Structures are given as C-alpha cells and as structure tokens.
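All heavy atoms count here, side chains included; hydrogens, waters and symmetry mates do not. Throughout, a chain's letter reflects where its sequence line sits, starting with A, and its residues are numbered from 1. Here the structure is a predicted model, which means the values were calculated and not measured.
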There are 2 protein chains.
Amino acid sequence: MTTTEAAEQPLGIGEVAERTGLSVHALRFYEREGLLVGPVQRTSGGRRRYTSFDVDWLLICVKLRESGMPLADLKHFAELVRHGPGNEAERLRLLDAHRQRVDAQIQALEECRSVITWKVGVYAEHLARGEAGGLWDPTT
Amino acid sequence: MTTTEAAEQPLGIGEVAERTGLSVHALRFYEREGLLVGPVQRTSGGRRRYTSFDVDWLLICVKLRESGMPLADLKHFAELVRHGPGNEAERLRLLDAHRQRVDAQIQALEECRSVITWKVGVYAEHLARGEAGGLWDPTT
DNA sequence: ACTTGATCTAGACCTCGCTCTAGATCGTAG
DNA sequence: CTACGATCTAGAGCGAGGTCTAGATCAAGT
C-alpha cells in the first residue's frame, strides 16, 4: 500500500489529485471536514505539501468511499487513527462492519444483475422473433 | 415476475409501499416524475389504485434504482415502454448498458472488499499480538 | 353522526457530497 | 521585472433523490 514512486518528496495538491482521482476541491473539502489523519504540511508560502502517508491514507479513503462508506464514518475512522493507539479494536469493528455492508451490497447487485440479465434476454428474444409478437406484455 | 398474491384486486398506495419497499411519499414522487408507465387508476374519491402491472413495474424500478440507475434513465425507459412497441432495440440497449455498469460496480466493490479485508487482517493481527507493537504504522 | 386513520395536493425543505466563485497570493519561466 | 498558471480562503451553489408539512378529503367502524 505504498506509492509506486521511488521519490519521497512531498506532493502538491494537483499531483495528489491526479494520483487519487479526487479533485483539488474535494481534497481541500476533505481536509476541512477533518477526514485526514494529520494536518497537511505547508510551504512557507502556504501551499499544501502532501507526504506519501497522506496520499496512502487518501487512497484508502477513496476505496472506502467508493464502496459507500459515508463521510461521517470516514471522519470517525480518521479521528480514531489520529488519537493514536489504544482504540484498534474499535477501528477493527468499524472496518468489519463496513465490510459486511459491502458484502451485502455485492449480493444485492448480483441479484439486480440477474433480474436485468433476464430482462435483456426477454428483449433479445423478442427482437430475434422479428417484432412478430402482438401478444407482448407491455410491462416488460 | 408476478406478485405472489392470487387476488388481482388493485391495491392502495400503502399496500404498494409495503410490497415495494418504497415510501408512499416516494411512490407519489415517482408518479409525478413520470417514472410510471401508465397513469395510475383512481377511485371515485381520488385515491390511487395500483394494478399488479403497476406493482411489477415498480418492483423492476426498485431493482434498477438499487443498482444505481439514475431516475432520469428510469424515466427514459418508462417513456419508451409507454410509447409502445417499435423501440425494443433501444430498450435493450438501455438495459444492457446498465448491466455493464452493474458489472463494473460489482468488480469495483470486490476490489474495495479485498482492500478492506486486508486492512481488517492487519488490525486483527495487531490486536492478537496484544498491543505489543510500538512500531505501528499510524496510517494503517 | 362522529371519530380515526389513510390518502390527497402543492410545494417547501432536507441531506449528502461535492463543485464553483471571487479575489488574493505564490512561484516559476522568460 | 513581468506573466502566467497553480494554489489559497471563505463561503455560496448545486444536483440527486427523496422527505415532510399543511390543510383538506375520504372511507370504515361504532
């Protein structure tokens, strides 16, 4: 879970945006919302410098968001990590609960998929018959 | 794809809400938005009476929504069905495109799942070691 | 007739998760 | 030095997808 780069120099917000797929707006927004573990370093001029830790954390955030974790939970998780060791059990519970939700989601999607596939089949068959069906159920 | 009921009597909005899992508010909202194929019948007093066709259509809507189809696409689909036969090819395209999106979604979720599972493993191991790790990467 | 609960309409309101704007500043290339 | 693009802050705005409210009406039980 480390950036493929060999270099360890901190990155600007634009580069981080590219690497994470988040917009620069979203990156600033996430920071404001307290979704990051630590405060992001700044240059003397006030520009953000992201370490590879920051980027790794963001990549995890992206995965969690992608799988439907609400920002509030992400924030909670970040707070736990921020407040250091001693709460690993709670972090584990949070992640595991989310994993279960993801599993449920996958199952639901697979069910949807099969319904859709069935419907696609119905249409395909209908079209193969060459529009011959006058007795065609309008709800399908 | 037919309601398990033997009876064919039309249903009130509350019963349809129960059967579809949509709220009565959402049912009225969907209707306003033109997501239904036909106009819902009314009693002399103005109450909606849903036929089993309506309910079946709604059940499909629920599946499509659950799998992330936007209301706009659902509306488009409803319009195609409403305008009768002759556009089955387009309906098929719409559904098949959605199925592909669902497949992509499932794949993405499975990737997320594996990242999360890995992270859960990291925590579980850490806890099993009995908090013994001082050299504990803070981003995990 | 009266009460109670479900339903009606129109439209305001809400949450979520960003996205965009304005106006200022930084930093690098020429 | 001058441009020019990238970044800064604070805060407004937005699109999706409903949810909720008010005030009226309907329908069924007693």
Side-chain angles (χ1 to χ4, degrees), chain A residues 9-36 39-51 54-55 57-78 98 101 105 108 112, chain B residues 9-36 39-51 54-55 57-78 98 101 105 108 112:
Chain A
Q9 3 138 17
L11 303 170
I13 198 170
E15 290 158 310
V16 175
E18 269 178 29
R19 277 164 176 72
T20 59
L22 296 166
S23 70
V24 297
H25 293 299
L27 283 169
R28 291 194 279 248
F29 170 72
Y30 276 25
E31 188 178 342
R32 255 190 282 170
E33 294 296 295
L35 268 47
L36 303 193
V40 177
Q41 298 305 308
R42 301 293 184 119
T43 65
S44 54
R47 268 83 209 277
R48 291 170 177 83
R49 302 273 92 191
Y50 293 85
T51 66
D54 295 328
V55 175
W57 174 255
L58 282 167
L59 289 170
I60 291 165
C61 286
V62 166
K63 283 298 172 202
L64 292 174
R65 284 287 307 122
E66 232 179 80
S67 51
M69 182 182 282
L71 292 188
D73 291 16
L74 212 37
K75 180 174 181 171
H76 183 191
F77 191 29
H98 183 60
R101 268 174 274 137
Q105 234 183 119
C112 295
Chain B
Q9 1 139 20
L11 303 170
I13 197 169
E15 290 159 310
V16 174
E18 270 178 29
R19 277 166 177 72
T20 59
L22 296 166
S23 71
V24 296
H25 294 298
L27 284 169
R28 292 194 279 246
F29 170 72
Y30 277 24
E31 187 177 345
R32 256 190 282 169
E33 294 295 295
L35 269 46
L36 303 193
V40 178
Q41 298 304 309
R42 302 292 185 120
T43 64
S44 55
R47 270 82 209 280
R48 290 171 179 81
R49 301 274 92 191
Y50 292 85
T51 65
D54 295 326
V55 175
W57 173 255
L58 282 167
L59 289 171
I60 290 165
C61 288
V62 166
K63 282 298 172 202
L64 292 174
R65 284 289 304 125
E66 232 178 81
S67 51
M69 182 181 282
L71 292 189
D73 290 17
L74 213 37
K75 180 175 182 173
H76 182 191
F77 190 29
H98 182 61
R101 267 173 276 138
Q105 232 183 123
C112 295

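- If you measure from atom CD1 of B:Ile13 to atom C1' of C:dT9, you get 12 Å, rounded to the nearest angstrom.
- One finds a side-chain N or O of A:Tyr30 lying less than 4.0 angstrom from the OP1 or OP2 phosphate oxygen of C:dC18.
- Between A:Arg28 atom CZ and C:dA22 atom P there is a gap of 15 Å when expressed in whole angstrom units.
- The listed nucleotides are D:dT19, D:dT7, C:dT19; the one nearest the side chain of A:Ser23 is C:dT19.
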Using a cut-off of under 3.5 Å, enumerate the N/O to N/O pairs linking the protein to nucleotides 12-16 of chain C.
none

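- The distance from atom CG of B:Asp73 to atom C1' of D:dG17 is 14 Å, rounded to the nearest whole Å.
- Straight-line distance from the CG atom of A:Leu27 to the P atom of D:dA6: 16 Å, rounded to whole Å.
- Taking all atoms of both residues into account, the shortest heavy-atom contact from A:Ala78 to A:Leu36 is CB-O, 4.1 Å.
- Using a 4.0 Å heavy-atom distance criterion, A:Arg48 is classed as a sugar-phosphate-only contact.
- Atoms CG and OG1, on A:Asp54 and A:Thr20 in that order, are 11.5 Å from each other to the nearest 0.5 Å.
- Between the CG atom of A:Leu22 and the CZ atom of A:Arg65 there is a distance of 9.5 Å, given to the nearest 0.5 Å.
- What separates CG of B:Leu35 from C1' of D:dA16 is a distance of 13 Å, to the nearest Å.
- For the pair B:Arg49 CZ and D:dA27 C1', the computed distance is 11 Å after rounding to whole Å.
- A donor-acceptor contact shorter than 3.5 Å is absent between the side chain of A:Gln41 and the backbone of A:Thr51.
- For B:Arg42, a side-chain nitrogen or oxygen approaches OP1 or OP2 of C:dT9 to under 4.0 Å.
- Checked options A:Leu71, A:Asp73, A:Leu59, A:Leu74; the residue passing with A:Leu64 is A:Leu74 (criterion: side-chain contact (heavy atoms from CB on, under 4.5 Å)).
- For the pair A:Gly68 and A:His25, both in contact range of DNA chain C, the more 5′-proximal nearest nucleotide belongs to A:Gly68.
- With D:dC26, C:dC18, D:dT19 as the candidates, the nucleotide lying closest to the side chain of A:Phe29 is C:dC18.
- For an aromatic pair to be called close, the ring centres must be under 6.0 Å apart, and B:Tyr50 with B:Trp57 fails this.
- Atom C1' of nucleotide C:dG11 and atom CD of B:Glu33 are separated by 13 Å, given to the nearest angstrom.
- Atom OG in B:Ser23 sits 8.5 Å away from atom CZ in B:Arg28 (nearest 0.5 Å).
- Each of B:Leu22 and B:Thr43 was assigned the nucleotide of DNA chain D with the nearest heavy atom; the assignment lying further toward the 5' end belongs to B:Leu22.
- The residue among A:Arg47 and B:Glu15 whose nearest nucleotide of DNA chain C is located toward the 5' end is B:Glu15.
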